[in-house]
Amino acid sequence: MTLVDKNTINSNNDEIKSLDEVTNYSKQLIDVISNFITESKNHLTGEGYDSARKRLEFYLSALETQQRLSENVRNNYTIGNNLMINFMEEFDSLDDTDLDSIRSSLSWIKENIYALNERINSLLDEPDCAELLNTLRVKLREWEALLESYTTLSEKLVCLSGTDTSILNYLSDTNSDCNNFYTAVNEIQVAEIK
């Protein structure tokens, strides 16, 4: 079962934009640490300060990775969400568990179109039926529009799971990068400076 809702996806895009704060915060920390490392070399010397700078370079590398990762996550997830929004087109939500019901409705709509066509054809040679024919033709156009909409919906629902899987595969590298970074950060141990 696959269910997608356009409003939820748009909300996710808004939430993902908050990763800009992580990116900017990382950049600020990178600048501060880089400046400290560079400027302190002439004013703070000795093994302890060298060791502290070396440790800061380690954290600097982690922050640079965090910055790149937050940018990648924001970009890739926004692209993934927008791919799904584009796939959905005019539909606000799609749920492939509705497919059987939609197919049943399609059959019923086709039967009604067939019956309307039969009725119109039977009245073509009848005198004084122009008004009724016009009314039936208007109804026929309405049913044909409904058929087009339900056909499109049915096609979307058939492809929904595959599209969802394809987008998820697109994002799998980003997920792996996040998990790897999370593991690496959790394994950081603060060394005692002596």
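Every value quoted in this text rests on a predicted model; they were computed, and no experiment measured them.
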Between S34 and D31 (side chain of the first, backbone of the second, donor and acceptor by atom type, cut-off under 3.5 Å), is there such a pair?
no

Heavy-atom count check: over 12 atoms from other residues, nucleotides or ligands less than 6.0 Å from E131 CD?
no

Which hydrophobic side chains are connected to Y49, either touching it within the sub-4.5 Å cutoff or through other members that do?
Y25, L29, I30, I33, F36, I37, L44, L56, L60, L63

Residue pair Y59 / R55, side-chain heavy-atom distance below 4.5 Å
yes

N86, N12, N10 screened by side-chain contact (heavy atoms from CB on, under 4.5 Å) with N81, the one that passes
N12

Check: T23 side chain, L19 main-chain N or O, donor-acceptor pair, under 3.5 Å:
yes

I want to check something: taking the side chain as every heavy atom from C-beta on, are S93 and V4 in contact at a cut-off of under 4.5 Å?
no

May I ask you to decide if E47's main-chain N or O and S51's side chain share a donor-acceptor pair within less than 3.5 Å?
no

D92 and N7: side-chain donor and acceptor closer than 3.5 Å?
no

Salt-bridge test for R53 and D50: reply yes if a basic N is under 4.0 Å from a carboxylate O, no otherwise.
yes

Does the distance from a Lys or Arg side-chain N to an Asp or Glu carboxylate O, for E144 and R141, drop under 4.0 Å?
no

Counting distance only, does the side-chain N/O of D96 pair as donor-acceptor with the main-chain N or O of T2 below 3.5 Å?
yes

Any luck finding a side-chain donor-acceptor pair between S26 and Q66 under 3.5 Å?
yes

Is there side-chain contact between M88 and I9, with heavy atoms separated by less than 4.5 Å?
yes

With sequence neighbours left out, the residues meeting salt bridge (charged side-chain N to carboxylate O under 4.0 Å, His left out) with K6 are none

May I ask you to decide if N35's main-chain N or O and T38's side chain share a donor-acceptor pair within less than 3.5 Å?
no

Keeping to residues at least two apart or across chains, list the ring-ring contact (aromatic ring centres under 6.0 Å, His included) pairs with something in residues 139-164.
W108-W143

Backbone of D20 reached by a side-chain donor or acceptor of N24 within 3.5 Å:
yes

Between Y77 and N72, do the side chains contain an N or O donor and an N or O acceptor separated by less than 3.5 Å?
no

Measure from the side-chain N and O atoms of D98 to the backbone N and O of S101, and report whether any donor-acceptor pair falls under 3.5 Å.
no

Would you find a donor on one side and an acceptor on the other, under 3.5 Å apart, between the side chain of T65 and the backbone of S61?
yes

OG1 on T152 to CZ on F91, rounded to 0.5 Å:
5.5 Å

